[in-house]
Amino acid sequence: MPEGPELHLAALYVNRVCDGLRFGGKVEKSSVSKNPEVPFSCAEYTISAVSRGKEVKLILTPVRGAAEAACVVFRFGMSGNFKLTPEDEMPKHAHLRFYSLDVPRQVLCFVDARRFGSWEYNGAWQRERGPCVMTECDKFRENVLKHLSDKPFDKPICEVMLNQKYFNGIGNYLRSEILFRLKIPPFMPARTVLEGVKNGSQSEGLSLSKKVKIKKENPDFLQLCSLVPLEVIQLGGYTPGSKREDYTVLMQWMQCYYAPGMNNLRDSNGRTVWFEGEPGPLVPKGRKGQKKRKSVDIKPVKVETKATKRKATRGKSTAVKKECKEEVKAEAGVETAVKRKRAKMADISSEDDKVTNKGARGKRPQRGKKTVDEPQVKICRRSSHQSPMPKTPAKRGKSTKQQSAEAPTPKSRPRRLKADVGNQPLNSPKLKTRRSAVRTSKKKS
DNA sequence: CGTCCACGTCTAC
DNA sequence: TAGACCTGGACGG
């Protein structure tokens, strides 16, 4: 879960669940973690939290006595989070544990399956990280505009957005969502995009109040870097670590990341960027080392994924690979094959409809018609899943002819279509995977 | 069973 | 600018 909003929500979570709780004794580290011990020990202390960008600071405050207050600064890596549980329900991968004085004891755990997360005892916010995009909007903006002549801004905007020196809190899904709102091609040179922001291209010669109004209604790129993450924080029902976590809310909120109909490419660091329309001029060329693309090759009638495609491409010349890459762009065109493919998908989806709850189907937003300040709740159904960031693309409200008719020009699809459990009661015995649906449909035909 | 992929840094060549 | 660092879910065979 961990981009800026998730870190912020984690801090809110800690403050909520630890409110009024007393902790005591030693802080325990799992033996497997390579992070440092936290040599804090105190008979009685409280825990609170603050976040800044992609860091969270836990503050340990002794209740009485001479002990000094301490803190631990966390980074979440790809899978970090906090969770308060009864001691006997400690989750797997709980790498740092703060014990409460309750009977039975409770534990505030730093849970991190992949162990990319880190912490520092009595550490400070990392010096190299810029101001928080969500909680220090003005400083954040200033820090970017002040450094436009720096070298990093030679790069594509999508890559600079992951540079925490300037965009502390933005991560891979946020960059796609933000660029999507303004339809900025991800591989536009960052400086070009930001010079436009600096010059406030929108409202020459208007009265101040008009300017303010326009600013509010049409947030520029840097404002969106604050507003879009703030939207995520505002999403109801989305509370990481709690029992009430409901990640479907986040998935439904996403308009671009892993969304059907969106394009994707690898940036020069091998990270997948999702976008609509043109990629922009600085697309990494088919250099070796570039990771494989993820969208689906549409031509074959049989359901073929990029993965299989890639396998077929493996070992071929760079030129051939490049050609394949060009295909991604070519997919922009709606050819017969695409139609056939989509029709097939529609059939499959209808098939799904027989076993799943129809729920929000057909209520997908119209892509490409949104305005930037449009309210959030886009109904773009994805599967419910334990993680807001499923390992594989959550299948979204793909279903149906209606979708194909609506979506202007779907160019690529998520490579994988995971189990279609969307809107399906989680324990339903009838739960049917996308894959099995495909099989069934094949048998029939 | 094996392969691919994932919300992020880090550091070594 | 490759990898390394990790686990685990989805999918393909």
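Lettering of chains follows the sequences in order, A, B, ..., and the numbering in each one begins at 1. Only heavy atoms go into these numbers, but all of them, side chains included; no hydrogens, no water, no symmetry mates. All values derive from a computational prediction rather than experimental measurement.
A:Gln126 comes within 4.0 angstrom of the backbone, heavy atoms only, and of no base.
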Quiz item: Does the salt bridge (charged side-chain N to carboxylate O under 4.0 Å, His left out) test come out yes or no for A:Lys155 and A:Asp267, once each step is laid out?
Solution: CA-CA 10 Å; A:Lys155 294 188 174 179; A:Asp267 70 16; over 6 Å; no
Quiz prompt | Steps toward salt bridge (charged side-chain N to carboxylate O under 4.0 Å, His left out) verdict (A:Glu87, A:Arg97) | solution = CA-CA 10 Å; A:Glu87 185 179 10; A:Arg97 307 147 193 166; over 6 Å; no
Practice problem: Check the pair A:Arg75 / A:Glu55 against salt bridge (charged side-chain N to carboxylate O under 4.0 Å, His left out), numbers first and verdict last. | Solution: CA-CA 5 Å; A:Arg75 264 145 272 136; A:Glu55 296 182 303; 2.9 Å; yes
Quiz item: Could you go step by step and tell me if A:Phe74 and A:Phe110 meet the ring-ring contact (aromatic ring centres under 6.0 Å, His included) rule?
Solution: CA-CA 9 Å; A:Phe74 291 84; A:Phe110 177 64; 4.9 Å; yes
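OP1 or OP2 of B:dA6 has at least one side-chain nitrogen or oxygen of A:Tyr258 nearer than 4.0 Å. A sub-4.0 Å separation between OP1 or OP2 of B:dC5 and a side-chain N or O of A:Arg271 is absent. The shortest distance between the side-chain N/O atoms of A:Ser79 and the OP1/OP2 oxygens of B:dG8 is not below 4.0 Å. In this model, the phosphate group of B:dG8 is not approached by any side-chain N or O of A:Gln164 to a distance below 4.0 Å at OP1 or OP2. Contact between the side-chain N/O atoms of A:Ser118 and the OP1/OP2 oxygens of B:dG8 is not found at any separation under 4.0 Å.
In this entry the distance linking CG of A:Asn81 with P of B:dG8 reads 14 Å, nearest Å. Note: CG (A:Asp267) to P (B:dA6) measures 11 Å, nearest angstrom. A:Arg175 places its CZ atom 11 Å from the P atom of B:dA6, with the value rounded to the nearest Å. Counting to the nearest Å, the C1' atom of C:dC5 and the CG atom of A:Asp112 are 11 Å from each other. Rounded to whole angstrom, the span from the CZ atom of A:Phe167 across to the C1' atom of B:dT9 amounts to 18 Å. Atom CZ of A:Arg115 and atom C1' of C:dC5 are 9 Å apart (whole Å). Atom CZ of A:Arg266 and atom P of C:dT1 are 16 Å apart (whole Å). Taking atom CZ of A:Arg75 as the reference point, atom P of B:dG8 lies 14 Å away to the nearest angstrom.
Relative to the six-membered ring of A:Phe180, A:Lys183 meets both conditions, a distance below 6.0 Å and an angle of at most 45° to the axis.
Formation of a donor-acceptor pair under 3.5 Å by the A:Gln164 side chain with backbone atoms of A:Lys54 is not found in this model.
Between A:Glu3 and A:Val232 the shortest side-chain heavy-atom distance does not fall below 4.5 Å.
Atom P of B:dC13 sits at a distance of 12 Å from the matching atom of C:dC5, rounded to the whole Å. Across the C1' atoms, C:dG9 and B:dT9 are found 23 Å apart, a figure rounded to whole Å.
Nearest to the side-chain atoms of A:Lys54 among the listed nucleotides B:dG8, B:dA6, C:dT7 stands B:dG8. Between B:dC10, B:dG8, C:dG8, one nucleotide has an atom nearer to the side chain of A:Lys92 than all others, and that is C:dG8. When the nucleotides B:dA6, B:dG8, C:dT7 are ranked by their closest atom to the side chain of A:Thr272, B:dA6 comes out on top.
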So which protein N/O to nucleotides 11-13 of chain B N/O distances come out below 3.5 Å?
none

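With 3.5 Å as the limit, one finds a donor-acceptor pair spanning the side chains of A:Ser79 and A:Asp112.
When each of A:Arg114 and A:Leu162 is assigned the nucleotide of DNA chain B bearing its nearest heavy atom, the one mapping closer to the 5' terminus is A:Arg114.
Stacking is not found between A:Phe116 and the pyrimidine-like six-membered ring of the B:dT9 base under the 5.5 Å centre-distance and 30° plane-angle cut-offs.
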